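For clarity, every value in this text was computed on a predicted model and none was experimentally measured.
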Amino acid sequence: MKITINAVPKEVKTGDFNYSDIDSVYGCNTLYFTKNGRPYTVVAGELHFSRLPRERWRETLLKMRDCGINAVSNYVFWNYHEEIKGVFDFSGNKDIAAFLQICKDIDMPCILRIGPWCHGEVIRGGFPKRINMMIKKRCDSPKYLAEVKEYWQGLYKEVAPYLDGKTVIGLQLENEYTGSTEYIRTLRKIAEEIGFRVPFFTMTAWPSSKPDRDFLPMMGGYPDAPWSRGKSALKPNNRFAITPGKTEDEIGGDLFKSNSEKDGVYDYVPFATCETGPGNQVTQHRRPYISEKDGYGVGFAKFASGVNWLGYYMFCGGANPNDRLMQENRLTGYPNNYSIIDYDFEAPISRYGVCRAHGDRLRLMHLFIREFDPEICTKQAFFPRQSYDDPCDLSFLKCSVRADENCSGYFFATAYEKGLRYNDFKNVNVTFNICGKTISLPEIDVKAGAMFFYPFNIKIGSVTFDYILAQPIAKSCKDGKTVCYFAECEGVKPKCSVNGQEISLGSEEDGTDIKDVRIVVIPYEKAKKFHFINGSAYFLDGTVYCDNGKIYCEKVSDEDLKNKISLSKTEKQKLPYNYFLYSLGKRSFYKLKLPRDILKDNYDVVLKFAFDGLNLQVFSGKTLINDYFNIDREFVMHLRDYKKYIENDGTLIIRTAPKTKFGISNVYNEIPVPLNSDRLELISANKTELNII
């Protein structure tokens, strides 16, 4: 297969932007962002402080940092903080000032998405009930805007100390707005009058597809679309494609008819996303399973396509508060039903703080941005002339080059799309032309399902490499050598070329020395355990973070406490929220008995259940503390988050509902769930250890 990429670089200009109302270390031009005047890639992960126990805020932010996240995004839901007019609640898990203080302490910049309408699968999109009942809302209605101003004034009192240009670096106004941008401009005026000062004001670029000089347009895209109405696997739609297009047609399709992006409309604003999906929140009627490659693929494709602000939604899952019903559902006029509590989102870091396999993959890409080529954002993305009209066309390799005018850069390739089965691409020959220069990349085979990138015409130390057939991760200086860590590209034998001479690169731990450069190539599965902390490489199995110079690793041990726990069927219990099991099938009830002191000497205990039903709910007494829409026939529960309930009463009740052939529980499960089953079986109860490395 012969591929030609003819690059025509776009002129990079200062840009006629009015995104900021404060002098700060952050800036941008028409291509990329800057920090302290240097090119800078923002890698932002969404974490909702109000959906996470505050005692886990710091460690979770540090886990995100280990994964290469350098900024955190947050919705600030109006009805979490001022459901009753004039009565503000910033206590407990809603203490935004305490969260921002942690962000400041650990130097993790924050983007606040303050609405007033947020969505985020929260009831009424975050509107208090009185606001939702207004005839005129989400518009320039004086009565509505007066309410918004009052809410934002209360919020401002909490966040004002952190509007320092370093802690809160962005404010998103509104979300998925279909009307005139003049309304969002009004919101900005109100925010500025109150005192909000930030380096970036942002807005979602769907469905309008119209850039605006006052708001940084933010794009999005997800691996699946559980909000869609169908009950079958989605047809492929270039969700994982490397493509010149920046917005996705499907996103927000539950609320409005999305508009297709007009060619070139976003060419002269920096490419930024706020909802690149490494997971999905499942709905009652659609249960896609996000595999390792699903969770990695969308972010990889966006990066290969030239994104320079990579914003993930969600990067860490969470749980809705259980003091009242806060989830969107059809009873509240929303098209989809969601679980009451669970908001795991199949995210790279689970709602319990465990880094999943796609989090490990994403970490390698983010480390490359942070540790190998911090100026990758200056390299524009170029594509072969291919038609993307037919998402099911498997005849061509979706690929790109990110390079500078000196013909130095990286080749990206993907042969993965959820729902499609590629064949291997044999004898791929790529010719790259830019500014009168031509480079022929080495002939390779691209294995079906592979996603990778490698550098070409790159100088490291004193050596100029024609290419290095491995994916770069990080580099550091040691004993006078530049030590470079690479991961194997799936299906590609690692080698490099210097002055036309090929050199094989083994996977030896000591690496290969080429003058003052040492190249260490790591098998990909081993690379997923790679962590780069304070300039040193570590291979650690578990979820890792560094705090005050100490490296912590959470790992599930082999010690099983199952013999101390019992699960048995029990008689029918009178419990609330029966409707929200969304099944006409017969309920079953299980009694889970735990030692009240099970967490006394244990950092955490992870319960794993085999579950063949449709949905379940977990109660302590009459209080709902957890629930689950069955995705993969495995229900997991970490006891650390339920310590107070277990210490008070070691008996929990689990109510289940089966999947049936007809009615509301006739749903799409990507991983099939048997009909009319209530099977719930405790498989294991393993201790989690917290080790200091």
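- Without hydrogens or angle criteria, Asp224 side chain to Pro288 main chain gives no donor-acceptor distance under 3.5 Å.
- Among Val8, Ile5, Asn6, the single residue meeting the side chain to side chain contact (heavy atoms under 4.5 Å, CB included) criterion with Asn433 is Asn6.
- Considering every non-hydrogen atom in both Cys377 and Tyr32, the closest pair reads O-CB, 3.6 Å.
- For Phe201 and Tyr19, the ring centers sit 6.0 Å or farther from each other.
- For Asp23, the CG atom sits in a loose shell: 12 or fewer heavy atoms of surrounding residues, nucleotides or ligands are nearer than 6.0 Å.
- Taking each heavy atom of Glu83 and Arg130 in turn, the nearest pair found is O-NH1, 2.9 Å.
- For Lys85, the NZ atom sits in a packed shell: over 12 heavy atoms of surrounding residues, nucleotides or ligands are nearer than 6.0 Å.
- Ring centroid separation for the pair Tyr177 and Tyr183 comes in under the 6.0 Å cut-off.
- By the 4.0 Å N-to-carboxylate-O rule, Lys189 lies too far from Glu192 to be salt-bridged with it.
- Around NZ of Lys437, the count of heavy atoms belonging to other residues, nucleotides or ligands within 6.0 Å exceeds 12.
- In this structure, Arg51 forms a cation-pi arrangement with Tyr343, its terminal cationic atom sitting closer than 6.0 Å to the ring centre and no more than 45° off the ring axis.
- Checked by atom type and distance alone, the side chain of Asp404 pairs as donor or acceptor with a backbone atom of Asn406 at under 3.5 Å.
- Counting all heavy atoms, side chain and backbone alike, Arg370 lies closest to Gly68 at NH1-CA, 4.0 Å.
- Between Phe368 and Phe453, the distance from one ring center to the other falls under 6.0 angstrom.
- Atom NZ of Lys137 has more than 12 neighbouring heavy atoms from other residues, nucleotides or ligands inside a 6.0 Å radius.
- Of the possible polar contacts, none joining the Asn132 side chain to the Phe127 backbone as a donor-acceptor pair under 3.5 Å is found.
- The main-chain N or O of Phe49 is found under 3.5 Å from a side-chain atom of Asn74 such that the two form a donor-acceptor pair.
- In this structure, the ring of Tyr156 has its center less than 6.0 angstrom from the ring center of Phe196.
- The closest donor-acceptor contact from the side chain of Asp344 to the backbone of Glu346 lies under 3.5 Å.
- Using a 4.0 Å cut-off between charged nitrogen and carboxylate oxygen, Asp107 and Lys166 do not count as a salt-bridge pair.
- Between His366 and the choices Phe303, Tyr312, Phe532, Phe300, the ring-ring contact (aromatic ring centres under 6.0 Å, His included) rule is met once, by Tyr312.
- By the neighbour-count criterion of 12 heavy atoms within 6.0 Å, atom CD1 of Ile84 is sparsely surrounded, having that number or fewer from other residues, nucleotides or ligands.
- Checked against Gln380 for a side chain to side chain contact (heavy atoms under 4.5 Å, CB included), the options Lys10, Glu405, Arg402 give a single hit: Lys10.
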Point to revise | Chi angles and distances behind the side-chain contact (heavy atoms from CB on, under 4.5 Å) call for Phe396, Ile3 | key: CA-CA 9 Å; Phe396 63 91; Ile3 297 174; over 6 Å; no
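- Residues meeting the side-chain hydrogen bond (donor to acceptor under 3.5 Å, both in side chains) test with Ser73, sequence neighbours left out: none.
- Note that Arg113 lies in the cation-pi zone of Tyr75, set by a 6.0 Å cut-off to the ring centre and a 45° limit from the axis.
- Trp117 pairs in a side chain to side chain contact (heavy atoms under 4.5 Å, CB included) with only one of the listed residues (Leu173, Asn175, Ile131, Val122), which is Asn175.
- Between Phe33 and Phe200, the ring centre distance stays below 6.0 Å.
- Taking both residues in full, the closest heavy atoms of Pro278 and Ile290 are given as O-CG2, 3.8 Å, listed atom of the first, atom of the second, then distance.
- Asn336 and Arg286 are not linked by any side-chain donor-acceptor pair at a separation below 3.5 angstrom, with hydrogens and angles left out of the test.
- Between Lys398 and Asp393, none of the side-chain N atoms (NZ, or NE/NH1/NH2) sits under 4.0 Å from a carboxylate O, so this pair counts as no salt bridge.
- A distance of 15.0 Å separates NZ of Lys63 from CZ of Arg65, quoted to the nearest 0.5 Å.
- Contact check on Asp21 versus Arg188 returns no salt bridge, with no Lys/Arg side-chain nitrogen under 4.0 Å from an Asp/Glu carboxylate oxygen.
- Between Glu147 and Lys143, no side-chain nitrogen of the basic residue sits less than 4.0 Å from a carboxylate oxygen of the acidic one, so the salt-bridge criterion is not met.
- The existence of a salt bridge linking Glu375 and Arg38 is confirmed by a sub-4.0 Å separation between a basic side-chain nitrogen and an acidic carboxylate oxygen.
- Looking at heavy atoms from C-beta onward, Thr14 lies out of side-chain contact with Asn29 at the 4.5 angstrom threshold.
- Taking each heavy atom of Arg239 and Tyr222 in turn, the nearest pair found is CD-O, 3.5 Å.
- In this structure, Lys475 satisfies the cation-pi test against Phe372, with its NZ or CZ atom closer than 6.0 Å to the six-membered ring centre and inside 45 degrees of the ring normal.
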**Study point:** Stepwise side-chain contact (heavy atoms from CB on, under 4.5 Å) test for Leu171 and Thr202
**Key:** CA-CA 6 Å; Leu171 281 185; Thr202 77; over 6 Å; no
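- The closest donor-acceptor contact from the side chain of Asn36 to the backbone of Val25 lies at 3.5 Å or more, if one exists at all.
- Between Cys274 and Thr204 there is a side-chain heavy-atom pair separated by less than 4.5 Å.
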**Study point:** Full working for side-chain contact (heavy atoms from CB on, under 4.5 Å) between Asp95 and Trp57
**Key:** CA-CA 11 Å; Asp95 190 345; Trp57 285 349; 4.3 Å; yes
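- Here the two rings, on His48 and Tyr313, have centers that are under 6.0 Å apart.
- Put simply, the side chain of Thr273 never gets that close to the backbone of Glu275: no donor and acceptor are under 3.5 Å apart.
- Heavy-atom minimum distance, Lys418 versus Pro236: O-CG, 4.2 Å.
- In this structure, Lys35 forms no cation-pi arrangement with Tyr26, as its terminal cationic atom is not both closer than 6.0 Å to the ring centre and no more than 45° off the ring axis.
- Between Trp78 and Tyr151, the ring-plane angle classifies as parallel under the 30° and 60° cut-offs.
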Exercise for review: Walk me through it: do Leu216 and Met203 pass the test side-chain contact (heavy atoms from CB on, under 4.5 Å)?
Suggested key: CA-CA 6 Å; Leu216 174 64; Met203 64 176 286; over 6 Å; no
